[in-house]
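Below is one structure, written out as structure tokens; comments come after it.
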Amino acid sequence: MSSKCANCPIRKLPLFKPMTDSEVSFMERFKIGEMSLQAGTPILSEGANAPQLFTALSGFGLRYKILESGKRQVLSFVLPGDFIGLQAGVMNRQTHSVEATTNMTLCVFNRTELWTLYREHAERAFDLTWIAAGEERFLSEALAAIGQKSAFERIAWAFSRLYRRLEGLKMRQGISVPLPFRQQHLADALGLSLVHTNKTLARLRDQQLATWSDGRLSVPDIEALEAEGLVDEASLRQRPLM
């Protein structure tokens, strides 16, 4: 059964900006259904021009690009609340791929209604612009980390950002949050070899800053981890949910 936007299980989390009744009503018209995916299922493929847009309602995924050499660059990790497919919606072509890492549930939106959103719902259109700007900001931080930080600082930065976001999604249990990715995913995201990633994870564990095992990330002191990762802004900004 598809969840109505008024009853969305994540919409009322403090992480997300509140919607007015009229915005919720529009989103219920904008939404055409839900899609359940198994782990490993492609959501969007590079070069495709998909007719749908998506919001991750539950589960985890990856945005990535395959180079001509066959190497993969992970661009970002998809978490609940993330909007997927805006690039193809605006540019008519997807320049990276997205796939489910775990089982996922996606809210599905009709791409043709995107222009109705801009014509008739200025605040929702601004929210969509905010999401695009937020992704640009994240990618600039990631590029700075890859280009200028040590492997230890890169992983501490990535873990800090993911931990704070998952904490905002009310997924923290004790000192741990779910992080159901592989070491290779992290290495591909941060421009590291798998061996270097493994050794750096061992250093973080030995210094009792972070432990990542069995799909969970444990952080005893998030402020200490953020300091090691040279995180500029630790607190989460309230974000729109599409």
Side-chain angles (χ1 to χ4, degrees), residues 9-10 13-15 35-43 54-66 71-82 84 97-106 138 141-142 145-146 149-231 234 236:
I10 63 174
L13 291 175
L15 177 62
M35 180 186 299
S36 295
L37 305 175
Q38 293 185 335
T41 303
I43 300 171
F54 308 96
T55 290
L57 189 61
S58 65
F60 295 77
L62 284 176
R63 291 185 177 95
Y64 64 91
K65 189 173 181 68
I66 300 295
K71 293 182 178 180
R72 178 179 63 179
Q73 177 67 49
V74 170
L75 303 176
S76 64
F77 300 104
V78 178
L79 308 180
D82 282 350
I84 304 166
S97 299
V98 187
E99 73 174 36
T101 304
T102 67
N103 293 347
M104 295 186 74
T105 299
L106 304 177
F138 173 80
E141 286 186 28
I146 292 171
K149 294 183 180 181
S150 68
F152 190 82
E153 291 165 346
R154 288 183 218 178
I155 294 180
W157 169 81
F159 278 174
S160 297
R161 293 298 305 271
L162 288 165
Y163 189 91
R164 287 289 193 186
R165 177 73 183 281
L166 292 165
E167 185 179 45
L169 289 166
K170 300 299 182 184
M171 291 187 175
R172 180 170 64 85
Q173 296 180 355
I175 63 168
S176 75
V177 294
L179 196 64
F181 300 101
R182 301 197 304 269
Q183 286 190 21
Q184 187 66 64
H185 295 149
L186 185 65
D188 289 346
L190 297 177
L192 299 170
S193 71
L194 187 58
V195 171
H196 202 172
T197 300
N198 187 270
K199 290 180 178 179
T200 306
L201 290 171
R203 281 185 61 200
L204 284 164
R205 184 178 61 248
D206 292 344
Q207 295 184 30
Q208 298 183 350
L209 288 166
T211 301
W212 186 28
S213 63
D214 298 324
R216 295 197 70 84
L217 172 65
S218 298
V219 179
D221 185 341
I222 184 60
E223 288 82 8
L225 185 64
E226 287 167 340
E228 293 292 344
L230 308 178
V231 175
L236 285 179

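Only a predicted model underlies this, so the values are computations on that prediction, with no experimental measurement involved.
Other residues, nucleotides and ligands contribute at most 12 non-hydrogen atoms within 6.0 Å of the CG atom of Asp214. The local environment of CD in Gln208 is sparse, with at most 12 non-hydrogen atoms from other residues, nucleotides or ligands closer than 6.0 Å. More than 12 heavy atoms of other residues, nucleotides or ligands shown are found within 6.0 angstrom of NZ on Lys65.
Heavy-atom minimum distance, Ala145 versus Trp157: CB-CE3, 4.1 Å. In this structure, Ala56 and Val78 approach most closely via the heavy-atom pair CB-CG1, 4.1 Å. Between Ala210 and Val219, the shortest heavy-atom contact is CB-CG2, 4.3 Å.
Checking each of Arg172, Gln173, Arg216 against Pro178 for a side-chain contact (heavy atoms from CB on, under 4.5 Å) leaves exactly one that passes, namely Arg216.
Here the side chains of Phe181 and Asp188 are not in contact, with every heavy-atom distance at 4.5 Å or above. Looking at Phe159 and Leu204, their side chains come closer than 4.5 Å, going by heavy atoms from C-beta outward. With a 4.5 Å cut-off on side-chain heavy atoms, Ile155 and Leu201 count as touching. Between Arg165 and Met171 there is no side-chain heavy-atom pair separated by less than 4.5 Å. Annotation: side chain of Leu236 is not in contact with side chain of Glu167 (no heavy-atom distance under 4.5 Å). Contact of the Leu209 side chain with the Phe152 side chain is registered, since non-hydrogen atoms from C-beta on lie closer than 4.5 Å. Side-chain contact check for Trp212 versus Leu186: some heavy-atom pair is nearer than 4.5 Å. Taking 4.5 Å as the limit, some side-chain heavy atom of Ile43 sits within range of a side-chain heavy atom of Met104.
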Could you walk me through whether His185 and Tyr64 satisfy the side chain to side chain contact (heavy atoms under 4.5 Å, CB included) test, starting with their C-alpha distance in whole Å, then the side-chain angles of each, then the deciding distance to 0.1 Å, before giving a yes or no? CA-CA 10 Å; His185 295 149; Tyr64 64 91; over 6 Å; no
Check step by step if side chain to side chain contact (heavy atoms under 4.5 Å, CB included) holds for Leu162 and Leu79. CA-CA 9 Å; Leu162 288 165; Leu79 308 180; 4.2 Å; yes
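Taking OG1 of Thr55 as the reference point, atom CG of Leu106 lies at 8.5 Å (rounded to 0.5 Å). Between atom CZ of residue Phe77 and atom CG of residue Leu179 there is a gap of 7.0 Å, rounded to the nearest 0.5 Å.
The residues Arg164 and Glu223 are annotated as salt-bridged, a charged nitrogen and a carboxylate oxygen being separated by less than 4.0 angstrom.
In this structure, Arg154 contributes its side chain and Lys149 its backbone to a donor-acceptor pair below 3.5 Å. Using a distance-only test at 3.5 Å, with no hydrogens or angles considered, a donor-acceptor pair links the side chain of Thr102 to the main chain of Phe60.
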